[in-house]
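Position 1 is the first residue of the sequence, and the numbers go up from there.
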Amino acid sequence: MKREDAKIVEDVLNDFKKRAENRKSFDLIWQINMNFLMGNQYCNVGYGGQLEEAERQYFWQEREVYNHIAPIFDIRYAKLSKIKPDINVLPSTNDERDKQAAKVSKKIYKYIKNKLKIDNLVNQAIKWSEVCGTVFYKISWNGDIGQVIGLDDKGGKIKSGDVELSVVSPFEIYPDSPVCDSLKACQSLIHAKAYTTAEVKQMYGIEVEGKKVNTYSLDNVAEGIGGLGFRGTMPKIIESVKDDSVIVVERYIRPNADYVNGRLTIVAGDRLVFDGDLPYKCGEDGEREFPFIRQTSIEEPGCFWGSSVVERLIPIQRAYNAVKNRKHEFLNRLSLGVLSVEDGSVDLDNLEEEGLCPGKVLVYRQGASEPKYLEGENIPSGLSEEEDFLLEEFNKISGVNDLLSFSSLSSNLSGTALELMISQDEARLNAPIESIKCAVKDIASMILRLYKQYASFPRIAKIVGENGDIEMFYFSSSDISSEDIELENITEGMQSLSQRREMIFSLLENGILQNEEGNLSNRMKSKILDMLGMGIWENAQDVTDLHIKKADNENLKMLEGEGVKVCEIDEHKLHINEHIAFMLGQDYTKACEKDKSLEERFLTHIREHKSKMEDK
């Protein structure tokens, strides 16, 4: 290896070790969170900065785990996983061509969303953010996948390449400073992950020397928990060794005065794999940017890492376990009893082994006092009161309630009161919901920008249309004129089909969806049927959409100078509306300046539609 390359490798590895040391405290927090979620709730941070298991102090000590963090996590995940934000691509201008380009961009995202199963990846990311507080998405371009577009000199397949999206845990990300409150505030970022030597050879085509690499894995242990006379098992996050592996370190540096196009350095083990400009123009206005998107559960001001509800619940969970176990120890004393025995009056070994079992013949020394139970006390009321208080604390701190589990709910509550309780319950989830929405929006923007940068060859895509039909379309980078993304304005209360139908019927009753004549237009009927969930098998919607597509194609043909005849099967009123809407756009106005006969061509076609409609 060249001396310059060795110096670069040394600089990157030293930088990585420094950042890993600065992030060590957060690693311990995430490990404790994961252990508590899985049930290992008797772990602490030792003096050496390592995770340690607390030992049982007495053989009779109750050390059961009463895990309330796991069901709270399940409830939050169930609610957050329902969030499926849809995106809309805004056209650059009001021109018809820009509108068509925006529609194509939306189709491209729909195609890649189904191909990469983005909804599943978002659900996976929600789990990471809920337990660790932060998660990342990595978007990259892989030139070795995609459609085959040719063969090279050796007969190998040349592929078009395609976008790749993966979920990255916070254990793999190392910012230059933990006080940066966003990715944009970071000047550099390191992504480090352990790979086997075979994986490195497949990715980069180089041979590296494998070593033992420390990773985290799941294990079962049979110590530390249980009660009097038995032991239990619990899952546990432990450090394990991965053989024949290396750590691949990717260091990203934002564009600056020294590196105008930024810098990406990749080191696999002790070998330099790549050192050059940031490859992806995935930022705004074509700027080179980190290919990462950050998602948090609870945003912490002035901190790169978000926090999680699990972290806040840990003190309550420790206190709850302590109260329940002390309560059971008290019950053990009441049920088993505590014997008072005079010294030398009985065989203590036999008494300790068998106790005072039913039918036992107890022999004690003549003249001595017979063994007897000490009078026990009732369970202190403070233990039960503290237990109830801690259960309330779980709900207050987590911000979620399972209303179905509350038997105290009055049966006289109205539907409005229940709706208010549900809305208040979900208000605490607003922060992670907004973070999920922003992440999905950024994912859509980066995907379109990467296609605009790399998709130079036309490629075919397939999506399922609004009516359930299969739609095939070609696209290339020239078809993507805008990456201005906005989220569909759908409130969270309308996520379920029943709630959406109730809202639509309410709008129909109030006459909001009707036109000035009090009727529903064909386009509005089509939209309503789709929102009611009947668009797939309702023929009226299929025919309406086909007429709209036919009218749009006629507009483009007439714009290019072709004459279009009116067909008897046309829905004339719908066609007339589509043609007039196109004539009011800027594309038509600009085209009329170049083609003076365009207006007459359109008007003649519209007159023919009106004549056919009068004949009917």
If I compare all heavy atoms of [X] with all of [Y], which pair ends up nearest, and what's the gap?
X: Gly210; Y: Val246; answer: CA-CG1, 4.3 Å
X: Leu264; Y: Phe274; answer: O-CD2, 3.4 Å
X: Ser188; Y: Phe290; answer: CA-CZ, 4.0 Å
X: Leu121; Y: Val167; answer: O-CG2, 3.4 Å
X: Val135; Y: Ala125; answer: CG1-O, 3.5 Å
X: Pro255; Y: Leu278; answer: CD-CD1, 4.0 Å

Carefully, step by step, assess Lys127 and Phe73 under the rule side chain to side chain contact (heavy atoms under 4.5 Å, CB included). CA-CA 9 Å; Lys127 294 179 181 179; Phe73 175 87; 4.2 Å; yes

Have [X] and [Y] got a donor and an acceptor in their side chains that come within less than 3.5 Å?
X: Thr197; Y: Asp244; result: yes
X: Ser435; Y: Gln295; result: no
X: Asn321; Y: Gln41; result: yes
X: Arg76; Y: Ser308; result: no

In terms of side-chain geometry, is the basic nitrogen of Lys7 or Asp11 positioned less than 4.0 Å from the acidic oxygen of its partner?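 Salt bridge: no.
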
Determine, for Lys281 against Glu289, whether the closest basic-nitrogen to carboxylate-oxygen distance falls under 4.0 angstrom. no

So, does [X] use its side chain to make a donor-acceptor pair with the main chain of [Y] at under 3.5 Å?
X: Asp162; Y: Asn142; answer: no
X: Tyr42; Y: Glu64; answer: yes
X: Arg23; Y: Ile173; answer: yes
X: Asn33; Y: Val131; answer: yes
X: Arg271; Y: Glu207; answer: yes
X: Trp30; Y: Cys132; answer: yes
X: Tyr280; Y: Trp141; answer: yes

For [X], does the [atom1] atom have more than 12 heavy-atom neighbours from other residues, nucleotides or ligands under 6.0 Å away?
X: Lys324; atom1: NZ; answer: yes
X: Gln202; atom1: CD; answer: no
X: Arg318; atom1: CZ; answer: yes

Are side-chain heavy atoms of [X] and [Y] found at a separation under 4.5 Å?
X: Val122; Y: Tyr137; answer: yes
X: Leu313; Y: Glu393; answer: no
X: Val89; Y: Leu448; answer: yes
X: Pro432; Y: Glu130; answer: yes
X: Ser105; Y: Tyr451; answer: no

State yes or no: are the ring centers of Phe292 and His191 separated by less than 6.0 Å? yes

To the nearest 0.5 Å, tell me how far [X] [atom1] sits from [Y] [atom2].
X: Leu165; Y: Leu116; atom1: CG; atom2: CG; answer: 6.0 Å
X: Lys201; Y: Ile206; atom1: NZ; atom2: CD1; answer: 11.0 Å
X: Cys186; Y: Asp176; atom1: SG; atom2: CG; answer: 5.0 Å
X: Asp275; Y: Thr265; atom1: CG; atom2: OG1; answer: 4.0 Å
X: Leu80; Y: Asn123; atom1: CG; atom2: CG; answer: 9.5 Å
X: Lys184; Y: Arg294; atom1: NZ; atom2: CZ; answer: 12.5 Å

Aromatic ring pairing Phe136/Phe304, orientation class (parallel under 30°, perpendicular over 60°, tilted between): parallel

Angle between ring planes, His68 versus Tyr320, binned at 30° and 60°: parallel, tilted or perpendicular?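 His68 and Tyr320: perpendicular rings.
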
If we check salt bridge (Lys or Arg N to Asp or Glu O under 4.0 Å) with Lys138, which of these qualifies: Glu250, Glu172, Glu164?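 So, applying the salt bridge (Lys or Arg N to Asp or Glu O under 4.0 Å) to Lys138 and each of Glu250, Glu172, Glu164, only Glu250 qualifies.
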
Asp15 and salt bridge (Lys or Arg N to Asp or Glu O under 4.0 Å): which partner among Arg19, Lys17, Lys18?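 By the salt bridge (Lys or Arg N to Asp or Glu O under 4.0 Å) criterion, Asp15 pairs with just one of Arg19, Lys17, Lys18: Arg19.
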
Apply side chain to side chain contact (heavy atoms under 4.5 Å, CB included) to residues Tyr204 and Ile266 and explain how you reach the verdict. CA-CA 10 Å; Tyr204 305 113; Ile266 303 177; 3.8 Å; yes

Show your working on side chain to side chain contact (heavy atoms under 4.5 Å, CB included) between Lys193 and Val248 and close with a plain yes or no. CA-CA 6 Å; Lys193 187 176 181 180; Val248 176; 5.7 Å; no

With side chain to side chain contact (heavy atoms under 4.5 Å, CB included) as the criterion, how do Tyr195 and Met203 come out once you've worked through the C-alpha distance, each side chain's angles and the decisive distance to 0.1 Å? CA-CA 10 Å; Tyr195 292 93; Met203 290 188 300; 3.7 Å; yes

